[in-house]
Student: 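Submitted below is the structure of interest, expressed as C-alpha cells.
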Protein chains: 2
Amino acid sequence: MVAERNETKILLAIVENDPLYKQALESIFSLSPEFELTGLWGDTETAVREISRRYPHIVLMDIQLPVIEGIACIRKLKKVNPAIQFLVFTDYDQDDELVFDAFKAGATGYLLKKDGPELLIKSIKELHAGGSPMSRSIARKLINFFGRYPAIDGKEHLLTKREEEVLALLSEGKMYKEVAAWLGITMETTKKHIKHIYSKLEVQNRMEAVNKWRS
Amino acid sequence: MVAERNETKILLAIVENDPLYKQALESIFSLSPEFELTGLWGDTETAVREISRRYPHIVLMDIQLPVIEGIACIRKLKKVNPAIQFLVFTDYDQDDELVFDAFKAGATGYLLKKDGPELLIKSIKELHAGGSPMSRSIARKLINFFGRYPAIDGKEHLLTKREEEVLALLSEGKMYKEVAAWLGITMETTKKHIKHIYSKLEVQNRMEAVNKWRS
DNA sequence: GTTTTTATACCCCTTTTGGGGTATATAGGG
DNA sequence: CCCTATATACCCCAAAAGGGGTATAAAAAC
C-alpha cells in the first residue's frame with residue numbers, strides 16, 4: 001500500500017568534502033539507472049541552502065573535521081525536512097559520542113568509507129526501504145550503548161491518571177478546548193498535560209502518542 | 001484545585017424570539033439567586049455576536065421557524081466555544097430529523113415549552129451538572145433512532161487508492177510534508193487529498209478520520 | 001463524445017497544535 | 001522538614017493543520 005516507490009528512482013543528494021570521493025561518488029550514482037543525483041555539494045553551507053529545492057529521499061553525508069559541523073547540518077536539515085533520510089559516510093568510528101550524536105541528530109544510517117562502494121549502494125537501498133544500514137563496528141557500539149544504562153522502562157506508571165484521561169480524549173480526536181471543557185480545566189492546563197505526555201512517550205504529536213500508548 | 005469557576009451561580013444566556021416568553025424567562029432567571037442572566041437575545045445574529053463576551057455556562061436556545069437558523073446557531077457557537085452547553089427550548093417535537101439535527105449540532109438538552117417552568121429550571125441545573133435533560137417524547141425518539149438503521153455502512157470504495165495511502169501515512173503521525181515526501185507529491189496536493197478524505201468521512205481532523213477508517 | 005472522477009499544483013486565510021517558559025498549591029516520599 | 005511529582009493556570013511564539021478557493025490533465029464513466 002505504500003505506493004509505487006519501487007518504480008521510481010531513488011533521489012540522492014551527496015555532501016562530500018573530499019574532491020576525490022566527490023568525483024568517484026558522482027560517477028557511481030549519476031550513471032546508475034536506479035539513482036538520480038539531485039545534489040552534490042562540497043560543504044554543509046551549500047547543502048543547507050540548496051537541499052530544500054532538491055528534495056532528495058536520501059542524503060549521503062560525509063562527516064569530517066570539524067565533526068560538529070556535519071552533525072549540526074544533519075540536525076538542521078532533519079528539522080526542516082524530516083522525510084529525508086541521512087546516511088553518515090565517514091572515516092570516524094572511534095569516538096562513541098560522535099556516533100551517538102549523529103543518530104541523535106537524525107541520521108538513520110552510518111557507514112564507514114572503508115566499507116567500499118558495493119556496501120554503500122546496498123546501504124542506500126536499504127535505507128530507502130526503511131532500514132537502518134550501518135557498519136558492523138557501529139552496530140556494536142549501538143548495542144553496547146544500551147548496556148551503559150539500566151534500561152529503564154516499567155511503563156505501568158509512565159503516565160499519571162490525569163494524563164491518561166487527557167490522552168483518551170485526544171484519541172477521540174477532540175480539540176484541546178474540548179478536552180478542557182470535558183475535564184473542567186482550562187485549555188492551558190490541558191496543553192501542559194499534553195506536553196508532559198509527549199515528553200514522557202518521546203513523541204511529537206497526538207497520533208504518535210495514541211499509537212504508542214495503544215501498542 | 002478544580003478551577004474556580006462554578007462554585008457560585010449558573011451563568012445563563014437565553015436566545016428567545018417570542019417577546020412574551022422572553023419577558024417571562026427574564027423574570028424567572030434574573031431574580032433567582034441560583035442563576036445569573038448574562039445574556040438575553042431575541043435573535044441568533046445578536047447571540048452569535050455577543051456570546052463570546054458573556055461566557056455563559058448554559059445557553060437556553062429557542063428554536064422557531066426557520067428551524068435551520070437555530071440549529072446553525074448552535075453549531076456555530078459550539079464550534080467556537082465547546083464548553084457551553086445548549087438546551088433547546090422549542091415547540092417542535094414532531095419532526096425527527098429536526099431533533100436529531102439539533103443534537104448533531106451540539107445541543108445536549110432538548111426541552112419542550114409545554115413542559116413548563118419547573119421542569120425548565122430543573123433541566124438547566126441537570127444540564128449544568130453534566131446531565132442531558134430532555135422531554136419524554138424526545139428521549140423516546142433518540143432510543144428509536146438506533147432501531148431505524150441496520151448500522152451497516154457501505155464503506156467499500158469510499159476512498160480512492162491514493163486517499164487510502166495518504167490516510168495510512170497520516171495514521172502513523174506523519175506531518176503533511178512527510179506524507180508528501182513519501183508519496184513524491186507536493187504538500188499542497190497532499191492537503192487536497194486530506195481535505196477530500198475528511199469531507200468523505202465527514203470528520204474534521206486526522207484522529208477522527210483514522211478512527212472512522214479503522215472501525 | 002461529453003461529463004465526471006481522480007490526481008496534481010497553487011492561492012488565500014484562520015485556527016489548532018506544539019514547544020518554551022514561569023508560577024502556585026498540594027500530596028507524598030525520603 | 002525538604003524535595004519531588006502532580007495538577008493547576010498563564011505567557012509568548014512558530015509551525016502545522018485545516019478550510020475555502022481555482023486550475024489543469026488524464027482516465028473513467030456515461
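In what follows, every chain begins at residue 1, and chains take the letters A, B, ... in the order their sequences are listed. The basis for the numbers below is simple: all heavy atoms, side chains too, and nothing from hydrogens, waters or symmetry mates.
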Student: Of all the nucleotides listed (C/dG18, C/dA7, D/dT6), which has the minimum atom distance to the side chain of A/Lys200?
Tutor: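 Of C/dG18, C/dA7, D/dT6, D/dT6 is nearest to the side chain of A/Lys200.
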Student: Taking NZ, NE, NH1 and NH2 as the nitrogens, is one of them in A/Lys161 or A/Glu164 under 4.0 Å from a carboxylate oxygen of the other?
Tutor: no
Student: As a test of reading the structure: which of C/dT8, C/dT16, C/dG18 is closest to the side chain of B/Ile185, going by heavy atoms?
Tutor: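 Comparing C/dT8, C/dT16, C/dG18 against the side chain of B/Ile185, the answer is C/dT8.
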Student: Could you check which of D/dG19, D/dA9, C/dT16 has an atom nearest any side-chain atom of B/Tyr198?
Tutor: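 The answer is D/dG19, which lies nearest to the side chain.
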Student: Of all the nucleotides listed (C/dT22, C/dT17, D/dA16), which has the minimum atom distance to the side chain of A/Lys192?
Tutor: C/dT22
Student: So which atom in A/Leu170 and which in A/Arg206 form the shortest heavy-atom distance, rounded to 0.1 Å?
Tutor: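 Closest approach of A/Leu170 to A/Arg206: O-NH1, 3.1 Å.
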Student: Quick check on DNA chain C: between A/Val203 and B/Glu163, whose nearest nucleotide comes earlier from the 5' end?
Tutor: B/Glu163
Student: Are B/Lys177 and D/dA16 close enough that a side-chain N or O sits under 4.0 Å from OP1 or OP2?
Tutor: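 Answer yes for this pair, as a side-chain N or O of B/Lys177 is under 4.0 Å from OP1 or OP2.
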Student: Considering just the side-chain nitrogens and oxygens of A/His196, establish if one lies under 4.0 Å of OP1 or OP2 belonging to D/dT6.
Tutor: no
Student: Nearest nucleotide by nearest heavy atom, which residue falls closer to the 5' end of DNA chain D, B/Glu188 or B/Arg206?
Tutor: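 Going by which nucleotide is closer to the 5' end, it is B/Arg206.
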Student: Roughly how far, to the nearest 0.5 Å, is the CG atom of B/Asp91 from the CG atom of B/Asp62?
Tutor: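 So the gap between those two atoms works out to 8.0 Å.
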Student: Strictly below 4.0 Å: does A/Tyr176 bring a side-chain N or O up to OP1 or OP2 of C/dG18?
Tutor: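 Looking at the OP1 and OP2 atoms of C/dG18, one of them is under 4.0 Å from a side-chain N or O of A/Tyr176.
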Student: Given C/dC12, C/dC10, D/dT6, identify the nucleotide with an atom nearest to the side chain of B/Thr186.
Tutor: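 The closest nucleotide is C/dC10.
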Student: Distance check, rounded to the nearest 0.5 Å: B/Thr38 atom OG1 versus B/Glu36 atom CD?
Tutor: 7.0 Å
Student: Choosing from D/dA7, D/dG19, C/dT6, which nucleotide comes nearest the side chain of B/Thr160?
Tutor: C/dT6
Student: Nearest to the side chain of B/Gln204, heavy atoms from C-beta on, is which of D/dG19, D/dC10, D/dG18?
Tutor: D/dG19
Student: On the nucleotide D/dA9, are OP1 or OP2 found under 4.0 Å from the side-chain N or O atoms that A/Thr189 carries?
Tutor: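 Yes, because at least one side-chain N or O of A/Thr189 sits under 4.0 Å from OP1 or OP2 of D/dA9.
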